[in-house]
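A short worksheet on the structure shown next.
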Amino acid sequence: MDTPSNIVYTVTADSTGGRAGTSSVPALDISHVMRMPKELGGPGDGPNPEALFAMGYGACFQGAMGLAAKEMGIDTKDSVVRTTIGLGPEGASFALTADIQVFIPGVELERAQALVERAHELCPYSKATRGNVPVTVTAVPAL
């Protein structure tokens with residue numbers, strides 16, 4: 001496992017009440033009341049951990065795409081990253097899956113696939129999930 005040699009940013013979140021509670025980042029004045037998805041017996045009318053994870057992973061992955069794009073000379077400014085997080089039973093608890101689809105307008109699909117695979121090597125979220133969460137990364141012709 002690689003550990004960063006110099007931590008340049010930290011963020012702290014406080015959570016109470018689990019999936020039906022509140023999660024906040026006091027330093028950033030962000031707070032969300034968590035709502036259980038309908039599929040898990042809740043009302044499904046608000047954020048949940050998987051939705052927030054999908055948003056964070058997608059944004060981080062797009063940042064990693066920027067690094068890969070510089071290496072490969074590809075313009076990704078109009079790209080779209082769609083991240084789908086799945087949650088399902090695994091033994092006595094639950095486990096996650098992640099599917100990342102990337103659309104890069106004007107870039108040949110094979111070249112775009114090479115870029116998303118490189119971004120998957122660079123992305124901190126991808127590094128954190130590697131070996132723990134099944135993740136697929138796919139360049140797609142449209143979203």
Legend entry - Residue pair Q62, S79: steps toward the side-chain contact (heavy atoms from CB on, under 4.5 Å) verdict: CA-CA 8 Å; Q62 195 152 41; S79 64; 2.7 Å; yes
Inset, instruction - List the steps, then state whether side-chain contact (heavy atoms from CB on, under 4.5 Å) holds for Q113 with E117. - result: CA-CA 6 Å; Q113 184 64 37; E117 289 174 9; 2.9 Å; yes
Inset, instruction - Evaluate the side-chain contact (heavy atoms from CB on, under 4.5 Å) criterion for residues R130 and H120: first the C-alpha distance (whole Å), next the side-chain angles of each, then the deciding distance (0.1 Å), finally the verdict. - result: CA-CA 10 Å; R130 193 164 288 122; H120 189 46; 4.0 Å; yes
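A distance of 13.0 Å separates CG of N48 from NZ of K38, quoted to the nearest 0.5 Å. Here CD of Q101 is found 6.5 Å from OG1 of T138. Values are rounded to the nearest 0.5 Å. With values rounded to the nearest 0.5 angstrom, R118 atom CZ is found 8.5 Å from L67 atom CG.
Nearest heavy atom pair, residue C60 against residue C123, reads SG-SG, 3.6 Å. Pairing each heavy atom of P26 with each of D14, the nearest pair is CG-OD2, 3.4 Å. The heavy-atom pair separating R35 from G46 by the smallest distance is CG-CA, 3.6 Å.
Cluster partners of I104, using a side-chain heavy-atom cutoff of under 4.5 Å among ILVMFWY residues and allowing indirect links, are M36, L40, F53, Y57, F61, M65, M72, I74, V81, I85, L87, F94, L96, I100, V102, V107, L115, V116, Y125, V133, V135, V137.
The pair R111-E108 does not meet the salt-bridge criterion, since no charged nitrogen lies less than 4.0 angstrom from a carboxylate oxygen.
For the pair L52/P49, no side-chain contact is recorded, criterion being any heavy-atom separation below 4.5 Å from C-beta on. V25 has its side chain within reach of V11: a pair of non-hydrogen atoms, C-beta onward, lies under 4.5 Å apart.
Sorted by first and then second residue, the side-chain hydrogen bond (donor to acceptor under 3.5 Å, both in side chains) pairs with a member in residues 17-34 read S15-S23, R19-E50; sequence neighbours excluded.
Residues M34 and M55 fall within the same hydrophobic cluster, defined by Ile, Leu, Val, Met, Phe, Trp and Tyr side chains chained together at heavy-atom separations under 4.5 Å.
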